Structure formats: C-alpha cells, structure tokens
Amino acid sequence: MIKKVEIAGVTLDNYNVREILSEIEKDMESPVLKTIEEVDMSMILNAEKDEHYKGILEGLKFSILAETEILSAVGENSTQRYHEIENNVFFEEFFKRVERNRKKVFIIGQSIEKIEKFKNILEKNFPEIIIVNVRALDECIGAYESIINDINATGADVVFSVIPSPEQESFLDDYKGLINAGIWYGVGDNKNIASNHSLWNKIKKIVRFKRFHKTLISLEN
C-alpha cells in the first residue's frame, strides 16, 4: 500500500484508517491542534492552481482521501483502501472514539441548515455524543473571532467543520493558532454519509471523475 500519493503536484496521505486512528489516539490529550481534513477531487484541482491553498492541504496533520477516484488516478489498487473510502470508515471509527471517550464536539458550518443536517446524523449514529454548541459563519458579520471565542469557552475537544471548501481551509489557515481544541476535523459541506452506491451518486461521481481525469491529462501534457 502506498503511504503517500502525489497527484496534480499535491502530496497527500494514504494511510489506512487503523494507522491514522492509532496516531490520533497517541496524543489525543495534547493541547496542540491536530488538523484532519477529507480531501476530494475538486480540492486537489484548486490546490493545483493555488500554491497557498496547496500549502494548507499539504500542511494538514492528516489528509483523508475522500473519493476512490483519487486512488484510481494514482494507480493504487488496495482493496482495503477502496472499502474504507467507499464506506466512510474513518468518519465512523473516529466518531465512535469521540463518543466512547466522552470528547466534546463543536460544529461549525456556513449555514445553520447544513450544520443541523450533520448534527442530526451524528446524534442518530452516535447517541451518546456530546455536542456542546454549533455556529454558522452566515450568522457573523465581518471577522469570525466570536466563533473562536465560543469554541474556546465551551472547552471543545473536537471542532467538526462542514464549511464548504475552499472557505473551510481559509478559515483554518486564519484561525488555527487561536483554537484551543485538540482536533480539527473538516469534511466540507458535500460529504455524503449515506451509502455511496446509489445510482445517482455513481452517475455524479463518473461525471466528476471524467472532468478530473481530463484536467490531469492536460497537466501532464
């Protein structure tokens, strides 16, 4: 299994879920913010065009590949990795541990509607999870220091971000030095927690991959 992959000039992690969770659990009590984000094809293409954005992605403590098409594009054929990505195994196992260890979660997103969608998913699948507060960027005028103040005031252990990319990475880059939580886990606002095997999801992914592959070919030429 390839532990690091480079695609469109962007270097990302390709560790399996057990390896990443093992590293996270080693220093879960550390006050130093550990940044984790799920990276999809559109984020890679943004990084190819924007060096600063690329630096943010490559500077993450762990980058989680969010789409199997990324594995296909780099020639990775690990059955385990395809299974983990298709079935959102990292998301599930991460929040199992958050729930079991009674860690406090603070959810941030662009809109309250999107936040509530993910909040309901967490509460349904992890009934003992502790969600201490939520905040939407749409509620703020100007800078977002009030959100940071709220995160720190609750003593949150995990900041769960459903802010759309690239705004999510801009927020992280601007405020990571002020966040007192131990973990930042960003998934953007397009993550599909339900099964990825529906016909409509397959059609959308095929169209996206064709665009992605076309761009990669143009870069190579």
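Positions are given from 1 along the sequence. Bear in mind the structure is a predicted one, so any value in this text is a computation, not a measurement.
In terms of modelled atom types and a separation under 3.5 Å, the side chain of Asp40 and the main chain of Ser42 share a donor-acceptor contact. Side-chain atoms of Ser165 never come within 3.5 Å of backbone atoms of Gln168 as a donor-acceptor pair (strictly under, hydrogens ignored). A side-chain donor-acceptor contact under 3.5 Å links Asp50 to the backbone of His52. For Glu58 (side chain) and Thr11 (main-chain N/O), a donor-acceptor pair under 3.5 Å exists by modelled atom type. Without hydrogens or angle criteria, Tyr82 side chain to Glu76 main chain gives a donor-acceptor distance under 3.5 Å.
For the pair Glu23/Lys61, no side-chain contact is recorded, criterion being any heavy-atom separation below 4.5 Å from C-beta on. For the pair Ile179 and Ile151, the minimum side-chain heavy-atom distance is below 4.5 Å. At least one side-chain heavy atom of Asn16 sits under 4.5 Å from a side-chain heavy atom of Glu84. The closest side-chain heavy-atom distance from Ile44 to Val39 is below 4.5 Å. Using a 4.5 Å heavy-atom threshold, the side chains of Phe171 and Trp184 count as touching. Under the 4.5 Å side-chain criterion, counting only non-hydrogen atoms from C-beta, Lys117 is not in contact with Asn120. Leu33 is not listed as a side-chain neighbour of Ile183, based on a closest heavy-atom distance of 4.5 Å or more. Side-chain contact between Ser63 and Glu38 is absent, with no heavy-atom pair separated by less than 4.5 Å.
A salt bridge links Glu19 with Lys3; the closest basic N to acidic carboxylate O contact falls under 4.0 Å.
From Asn152, atom CG reaches atom CG of Leu178 across 8.0 Å, with rounding to the nearest 0.5 Å. Taking CG of Asn190 as the reference point, atom CE of Met43 lies at 10.5 Å (rounded to 0.5 Å). Note that CD of Glu113 and CG of Asp138 are 8.0 Å apart. Values are rounded to the nearest 0.5 Å. The CD atom of Glu139 sits 12.0 Å away from the CD1 atom of Ile108 when rounded to the nearest 0.5 Å. From Ile36, atom CD1 reaches atom OG of Ser161 across 12.5 Å, with rounding to the nearest 0.5 Å. Between the NZ atom of Lys119 and the CD1 atom of Ile112 there is a distance of 9.0 Å, given to the nearest 0.5 Å.
Closest heavy-atom contact between Arg102 and Asp157: O-OD2, 4.5 Å. Ile163 and Gly109 get closest at one heavy-atom pair: CG1-CA, 3.8 Å. Here the closest non-hydrogen pair linking Leu65 and Ile85 is O-CG1, 3.5 Å. Minimum heavy-atom separation, Phe126 to Glu99: C-OE2, 3.1 Å. Closest non-hydrogen pair, Met41 versus Ile70, comes out as CG-CG1, 4.0 Å. Here the shortest heavy-atom pairing between Leu172 and Glu37 reads CD2-OE2, 3.7 Å.
Neither Val159 nor Ile56 shares a network with the other; the hydrophobic side chains, linked directly or stepwise wherever heavy atoms of I, L, V, M, F, W or Y lie under 4.5 Å apart, form separate groups for each.
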Take Asp13 and Ile20 through the test side-chain contact (heavy atoms from CB on, under 4.5 Å) and record every step on the way to the result. CA-CA 10 Å; Asp13 296 321; Ile20 295 176; 5.6 Å; no
Go through the steps to decide whether Phe106 and Asp150 satisfy the test side-chain contact (heavy atoms from CB on, under 4.5 Å), and finish with yes or no. CA-CA 9 Å; Phe106 194 111; Asp150 283 353; 3.9 Å; yes
Step by step, work out the side-chain contact (heavy atoms from CB on, under 4.5 Å) result for Lys4 and Leu12. CA-CA 6 Å; Lys4 292 278 187 178; Leu12 301 169; over 6 Å; no
Kindly determine whether Glu25 and Arg97 satisfy salt bridge (Lys or Arg N to Asp or Glu O under 4.0 Å), including the steps that lead there. CA-CA 9 Å; Glu25 289 186 314; Arg97 285 159 174 76; 3.1 Å; yes
Chi angles and distances behind the side-chain contact (heavy atoms from CB on, under 4.5 Å) call for Ile64, Phe91: CA-CA 10 Å; Ile64 311 295; Phe91 178 91; over 6 Å; no
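A donor-acceptor pair shorter than 3.5 Å can be found between the side chains of Asn14 and Arg81. Side chains of Asp189 and Gln110: a donor-acceptor N/O pair is absent below 3.5 angstrom, by distance only. Between the side chains of Tyr53 and Ser170, not a single donor N or O lies within less than 3.5 Å of an accepting N or O.
By the 6.0 Å contact criterion, NZ on Lys191 is enclosed, its count of non-hydrogen atoms from other residues, nucleotides or ligands being greater than 12.
For Tyr185, the ring pair (Phe, Tyr, Trp, His ring centres under 6.0 Å) partners are Phe90, Phe94, Phe95, Phe160, not counting sequence neighbours.
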